[in-house]
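Model, not experiment: these values are computed from the prediction.
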Amino acid sequence: MHRNELPPPNRLPSRSTPRDSALYDSLILRTVSRLMMPLLLLLSIYMLLRGHNLPGGGFIGGLLAASAIILQIVAFGPKTARRILPVNYLLLAAFGVFFGAIWGLPAMVAGLPYMQAFWLPEPIPGVGKLGTPVLFDIGVYLTVIGVTTKIALLLVEEPILFPLPAMKPSPVETEDGA
Amino acid sequence: MIILLAIAIGALFGGATYLVLRRSVVKLILGLILLSHGVNLLIFTMGDGVRRGAPPLIDASGQPPAGAADPLVQALILTAIVISFGFIAFVLALAYRSNQAAGSDDLDDLSTTDRL
Amino acid sequence: MVFHLFIPIITPMIGGALAVLFNRQRVVARAIALISVLINLGYGLWLMSVVPATGPLVAQGSGWLAPFGISLVADGMSALMVMLAALLMLTTIIYSFYSIDEQREHHFYYPLLLLLLLGVSGAFLTGDLFNLYVWFEVLLVASFGLITLGGSRDQLEGGLKYVVLNLLGSTAFLAGCGLVYGFAGTLNMAHIAERMATLANPGLQTVLAGILLFAFGSKAAIVPLFFWLPSSYHTPPVAVTAIFSGLMTKVGVYALYRTFGLLFQNELATYGPWIILLAGLTMVIGVLGAVAQMNVRRILSFHIISQIGYSVMGLGLASAAGLAAGLVFTAHVMIVKMALFFIGGAAEQIYGTGDLKKMGGLARREPLLALFWFLGILSLAGIPPLSGFIGKLILLQVGVSQQAYLITAVAAGTSILTFFSMLKIWNEVFWKKSYDDVNRLPRVPLGLLAPGAALVVLSVALGLLAGPLVDYNAIAGQQAFDRNVYITAVCGADGCEAVYRAALK
């Protein structure tokens, strides 16, 4: 079916006019990705929290969450995806690195090697054991989401950060200017 | 098993070498991707489970647990995959940009920085 | 166990993250970069003051036991390199304040510099082979960002070659890592060194050492593997070229020293003559490559290669004295090379071009710049009493005392060629009459002059007061060449194998 023959998308999440550049225009994909988004995000948090003694962890969780967002980019286009989750992904990644790095510091204050783990004595019901490695994992999680989504957004949007002399400088259309 | 893996690694390295020596930037990058896969498989082969038959893990009785694989090579491969993922993304973007700038995919045309 | 050995790694990591977060506030980002580097510099100086007396300092990541966890080891060589990396980064950041345009600063220039420092410091401190690979990738990714930041056609083309050839080198390193693990069953450097001494199968060891020689050789830009360097180094801004010249290839040299001084010391007997041959070829081909060039930074780039030959020669001599001499020379060349890049870059900046034909007459206009350039090239060529003289003298002394007369003669001859090549820049940029009216040019701001001048002054000081540097490096060379010192520091007096067996029980 040609793009223009699609029914007017009035019941879909408000798509910008003129159409946001969805990579793959499909009603099924749009519907499924809308339903999948919360599920994938939930699964990613589950993966994050079970990570310290079962398969999973910040990296896998982060990739899952990023894939949820990238699914939105594919189905609805980058602008809509940015509107659904208005996050500056680069700053998210930097914050993740910062957050992950500082939780190794308490050990150094105590005169122990960097990243020596501290655990709460009792596991918290529903969440499991908590300690500084979990917090470090959260930092990894945020970093992976930020970096992966940022790569996808940059590849889709192709902002011209440094215009070539031959090119016409076009204003960058990202809200974080990167 | 080890013979099969050795053949696969050899094929990956050979194909990668062939692609890297092409003049096209895209094929060059495909060669790099293939090369990283080959190296990952090589590291996998170095795991004790494949090479010597038992991982360097023992349970309380001093025996290697049944069905366990060497976790270290998996960790190494995971790290290497993550790193090559980031680099391939970067190289693809760089090649795309340099194609825009130079208007060519041919490495022979990308020699302005080597001229006197 | 020294728990604070992580500081040179944590500081640029947290600093880099903060610099990204505060990137919009230019002053804050600059201040963060400056403070992080100063912390590293202070810590590096402290390490240098402590390590010769105490022997290598060791820390274990997360407190995991030595052959199992990741160790951080600071011996004399590491401490010197950590300090130098921070010092050179400090000058680069100051130079960048006055030379980097706002757009680059906006696109995370300072975080990338800190990421580079993170990778370099990590590579110098780690005691784990795979961890070394990871740090190499960290510093590579930072250098990729820095070399292409700005995205002009030259940068993209040069960057593509730089990236692809460096990735090939990294892949070889990764393959070598995997094979070493398969062979030795461990990745802790001390443990590998111990097992290499006991495991039979010398043929395999030779192959492994060869793979790592290829990998690190391509990072250090020794002769058949240097092509990425001159085709890319002159494209980014001056500050970036300068810090690359000071750090990137030297990390490769450090890794070669570590590999052959610690892991594969037995193989040094096999590879020594070949390394000497490569060193000689590197010296001569590097300096001859510079002859044909007519661009300030391209000439200097070829000289980087030539100087790497001297550093590698120290390794090829296969003795503690050789390593010590190589270290003295490497320290000297890191400082002087960057100074020359800064000064040549400042001249390039005021002319707006690095083409020698279009420059000239700067000696009258900028006498201070000319003076420091002249001192710098004297030092690079090895004229007494500058630091280059000391560095080369010690190398030649060791070469003669080990009857390596040919390489010694080549090294001495290359010095003369180096001086001629540098005089070319002197003549063209500073001495000859300018075609244009020089007085129309902008003056060199103090910020562009000061970093290079400070490094030249440091070189003069190191030449005049060479005693401490030479003594320090004699100890550092011994520590780097004595495997037992390293193994004892990491795993205790019984060695890693004992800890390993005890843990298995």
Side-chain angles (χ1 to χ4, degrees), chain A residues 52 59 87-119 131-137 139-140 142-143 146-147 150-151 154 158-167 169-172 174-178, chain C residues 1-24 29 32 57-66 69-72 101 103-104 106-112 114-115 118 122 125 138 141 145 148-157 159 236:
Chain A
H52 49 269
F59 186 77
V87 181
N88 184 335
Y89 291 104
L90 205 72
L91 293 193
L92 184 72
F95 178 75
V97 172
F98 176 70
F99 189 81
I102 55 168
W103 288 108
L105 293 178
M108 287 187 57
V109 175
L112 292 167
Y114 185 63
M115 292 219 166
Q116 183 112 338
F118 293 110
W119 294 96
T132 47
V134 182
L135 294 167
F136 169 76
D137 240 9
V140 175
L142 297 177
T143 309
V147 169
K150 187 73 202 172
I151 290 175
L154 282 175
E158 286 183 39
I160 308 235
L161 307 180
F162 293 94
L164 295 164
M167 280 181 169
S170 64
V172 181
T174 60
E175 64 261 59
D176 51 21
Chain C
M1 182 77 82
V2 191
F3 70 92
H4 45 71
L5 200 55
F6 291 88
I7 286 175
I9 295 176
I10 301 170
T11 315
M13 181 158 62
I14 293 183
L18 285 177
V20 174
L21 288 174
F22 292 101
N23 190 51
R24 283 292 169 86
I32 290 171
L57 302 179
V58 178
Q60 297 293 334
S62 312
W64 290 93
L65 210 60
I70 290 173
S71 317
L72 256 60
D101 51 295
Q103 210 185 358
R104 282 196 173 82
H106 183 68
H107 285 106
F108 309 104
Y109 175 76
Y110 294 115
L112 282 172
L114 287 176
L115 189 65
L118 166 69
L125 282 176
V138 169
V141 83
T148 52
L149 192 65
S152 69
R153 177 175 172 166
D154 277 358
Q155 275 187 300
L156 291 170
E157 281 187 18

Top contributor to chain A interface from [options] [non-hydrogen pairs under 4.5 Å]:
{"options": "C:G150, C:G151, C:A19", "value": "C:G150"}
{"options": "C:I10, C:L18, C:L5, C:L72", "value": "C:I10"}
{"options": "C:G15, C:G16, C:A17", "value": "C:A17"}

Taking the inter-plane angle between the rings of A:F95 and A:F98 on a 0 to 90° scale, is it parallel (under 30°), tilted (30 to 60°) or perpendicular (over 60°)?
tilted

Residue pair A:L154 / A:P159, side-chain heavy-atom distance below 4.5 Å:
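A:L154 vs A:P159: side chains touch.
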
Determine whether A:L135 and A:F99 satisfy the following criterion, side-chain contact (heavy atoms from CB on, under 4.5 Å), listing intermediate values before the conclusion.
CA-CA 8 Å; A:L135 294 167; A:F99 189 81; 4.2 Å; yes

With a cut-off of 6.0 Å (strictly less than), are more than 12 heavy atoms of other residues, nucleotides or ligands near CZ of C:F22?
no

